[in-house]
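So the structure is just underneath, and the comments pick up after that.
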Protein chains: 2
Amino acid sequence: MADPMYRTIAQELQDEILSGTVQPGDQIPTELELRDKYSASRNTIRDAVKWLASRGLVETKPGQGTFVKQNVKPFLTLLSRDLESGLSGIEGQGWFQDVKERDRIPFATVPLVEVQAAPRHIAQRLRIPVGTQIIIRRQERHIDRTPFALQSTAYPMELHHMGATRLLVAEDVPEGTVTYLEERLGLREIGHRDRILVRAPREDEARFFKLPDDGRVSVVSVVRTGYRAGDNEPVPFRVTFTVFPADRNQFVINSGNVPNDLPEPAEG
Amino acid sequence: MADPMYRTIAQELQDEILSGTVQPGDQIPTELELRDKYSASRNTIRDAVKWLASRGLVETKPGQGTFVKQNVKPFLTLLSRDLESGLSGIEGQGWFQDVKERDRIPFATVPLVEVQAAPRHIAQRLRIPVGTQIIIRRQERHIDRTPFALQSTAYPMELHHMGATRLLVAEDVPEGTVTYLEERLGLREIGHRDRILVRAPREDEARFFKLPDDGRVSVVSVVRTGYRAGDNEPVPFRVTFTVFPADRNQFVINSGNVPNDLPEPAEG
DNA sequence: GCAAATTTGTTCGTATGTATT
DNA sequence: CAATACATACGAACAAATTTG
């Protein structure tokens, strides 16, 4: 009994959830009922429920109650380049198609296009001076009517001058912008590098993903820098920021020779 | 001012931290001082501080105070296979050396070796029946005296019967077990697949990483399945679970042709 | 459409426990 | 041992969201 009371209560509720005594979607007793059941104060009950919410086990809805979270089947995103396994990448190209092939419903907003002066963190990645004009294309993506990812890609304005005019049109590029740039300008992406980091959602992200605004659920941020061939070494020409809520996404990376089945979400 | 008071206070404190008015490592005012400053109750102050802690901006230490978190320079782990960039992988081989090359101090415990009956989630990945005997090797890793990762790898006991006896010795395999298995048994890993997922830490993990035990900081779980050549398609022969605290780790994946500089931690 | 009832969210005040200096 | 600071717990009140009558 070294544990604080709220942890003991949370543990007991967790056991009921994991053992299946209460099913996903079910409402658990209200705070007042739990207060009576455990002879604790309402605040202590709330601490216990908060602890469960931070593990993603329950969801509280003002005016309604607290519910056991549906096990949203996580969506698997393939980050490595070989696309033989039938998994989608994060790029526009086949994303729509790939999601449908996995019997889930994709939806993407019309891109929001803006022109900006490059801030430091983007300038650095594109190896251009801070303040250089860049094109930003933003898109919201949904799967099964659930907000799934926020993506924005930065291109140097130079590409537009070179003839890639569709970059500045607020319209989807069905074949994917990477393919478009190759066909239009002969600009081939010879490789890309992803950086993955996990952080608390920003306020706008929390709103879009309908995450609790207290940072209980993190987001996974994937920063992908795309490279074209250069004189000595590869030269960056685009950087894509994709933000995924951590509670409904998993990622897969293949290296070398692996089976080409469609892997199931992991547990570990 | 539609925001609740604790959010307003948190925002104000956040601005002071981000603007550099208070430096990393500095102690912020105590809860009682903040209570007076903002004419709020101590509970409200605590809600605000909790909000900051969930974003990793501050750290509370009982008996001492609340401190602005040092920006622990995140450690970058390379998940893709090509190792030209000088980044370490997650495997034992060059990990020690690689960390040192980046002027940071590695430390790993002597492996803890146990024999188990394979639980479902491991059996599934190794494609063996549940209950098959497996060898588990566990190791704790530190960087700069900070707990950095928990790793455990499962091998079918069969490998031991085939002659890989060092798998059952509680001693480091300096060249890495993957290399050892290749040299000892001619068992070559032709590829591997990683699954990445983010979740709240388990209790033992929170203890080891010194994370707040209320799930504010997530862990990144990387499940790596290693494959050897098979008759038709690759066959799994080991599965490695590595758990990283999300607040001090980032990951890099290279695909195709990319520069071989050592990338800096990202922000996005 | 509105009012009442229900349920979670926020805030207060207070007391006691536990870790650190 | 004492002082300090965060952690846990209680009780109470009102606000905001939602459902129900």
Side-chain angles (χ1 to χ4, degrees), chain A residues 1-13 22 25-69 203 206-207 210-217, chain B residues 1-13 22 25-69 203 206-207 210-217:
Chain A
M1 265 311 196
D3 271 6
M5 192 191 302
Y6 80 94
R7 294 277 280 98
T8 311
I9 295 172
Q11 187 61 53
E12 210 161 306
L13 291 170
V22 283
D26 281 1
Q27 179 171 12
I28 69 172
T30 67
E31 293 173 351
L32 295 185
E33 286 166 348
L34 289 172
R35 164 172 62 84
D36 295 340
K37 175 171 176 186
Y38 290 104
S39 314
S41 78
R42 190 180 150 221
N43 281 328
T44 301
I45 296 297
R46 279 178 62 75
D47 282 345
V49 172
K50 257 183 223 163
W51 191 89
L52 293 171
S54 76
R55 315 273 123 146
L57 286 166
V58 300
E59 188 179 8
T60 60
K61 299 184 184 177
Q64 299 182 58
T66 302
F67 302 83
V68 179
K69 257 207 173 171
E203 206 177 328
R207 215 175 18 249
K210 296 185 180 61
L211 300 177
D213 67 348
D214 58 358
R216 294 191 293 234
V217 179
Chain B
M1 249 350 166
D3 272 6
M5 192 189 304
Y6 79 94
R7 292 278 281 98
T8 310
I9 296 173
Q11 187 61 51
E12 210 161 306
L13 291 170
V22 283
D26 282 1
Q27 180 172 10
I28 69 172
T30 67
E31 292 173 351
L32 295 185
E33 287 166 347
L34 289 172
R35 163 171 62 86
D36 295 341
K37 174 171 178 187
Y38 290 102
S39 314
S41 79
R42 194 180 148 225
N43 280 330
T44 301
I45 295 298
R46 279 179 62 74
D47 282 345
V49 172
K50 255 183 226 166
W51 191 88
L52 292 171
S54 75
R55 266 115 285 208
L57 286 166
V58 300
E59 189 178 8
T60 60
K61 298 183 184 177
Q64 298 182 57
T66 302
F67 302 84
V68 179
K69 259 207 174 173
E203 206 176 331
R207 216 176 16 250
K210 296 186 181 58
L211 299 176
D213 66 348
D214 59 358
R216 293 190 293 233
V217 179

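Just so it is clear: chains get the letters A, B, ... in the order the sequence lines come, proteins before strands, and each one is counted from 1. Side-chain atoms are counted along with the backbone in the values below, which use heavy atoms only and exclude waters and symmetry mates.
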Nearest whole Å is fine: how far is [N] [atom2] from [X] [atom1]?
X: D3(A); N: dA9(D); atom1: CG; atom2: C1'; value: 15 Å
X: D36(A); N: dT7(C); atom1: CG; atom2: C1'; value: 14 Å
X: D47(A); N: dT10(C); atom1: CG; atom2: C1'; value: 14 Å
X: Y38(B); N: dT10(C); atom1: OH; atom2: C1'; value: 18 Å
X: I45(A); N: dC10(D); atom1: CD1; atom2: P; value: 8 Å
X: N43(B); N: dG11(D); atom1: CG; atom2: P; value: 14 Å

Closest nucleotide among dA9(D), dT10(C), dG13(C) to the S41(B) side chain: dG13(C)
Among dC10(D), dT8(D), dT11(C), the one nearest M5(B) by side-chain distance: dT11(C)
Under the side-chain hydrogen bond (donor to acceptor under 3.5 Å, both in side chains) test, residues paired with R42(A) that sit two or more places apart: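 E31(A).
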Using side-chain contact (heavy atoms from CB on, under 4.5 Å) as the criterion, list what pairs up with [X], not counting sequence neighbours.
X: T30(A); answer: Q27(A), L32(A), E33(A)
X: D36(A); answer: none
X: K61(A); answer: E59(A), Q64(A), F67(A)

CD-CG distance between E12(A) and L34(A), expressed to the nearest 0.5 angstrom: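 Between E12(A) CD and L34(A) CG, I get 10.5 Å after rounding to 0.5 Å.
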By salt bridge (Lys or Arg N to Asp or Glu O under 4.0 Å) - contacts of K37(A) (at least two apart):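 K37(A): salt bridge (Lys or Arg N to Asp or Glu O under 4.0 Å) contacts with E16(A).
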Nucleotide N/O to protein N/O under 3.5 Å, stretch nucleotides 1-7 of chain D:
unit_1	atom_1	unit_2	atom_2	d
dC6(D)	OP1	T66(B)	N	3.3
dC6(D)	OP1	T66(B)	OG1	3.4
dC6(D)	OP2	E31(B)	N	3.0
dA7(D)	OP1	T60(B)	OG1	3.1
dA7(D)	OP2	R46(B)	NH1	2.7
dA7(D)	OP2	R46(B)	NH2	3.4
dA7(D)	N7	R42(B)	NH2	2.8
dA7(D)	N6	R42(B)	NH1	3.1

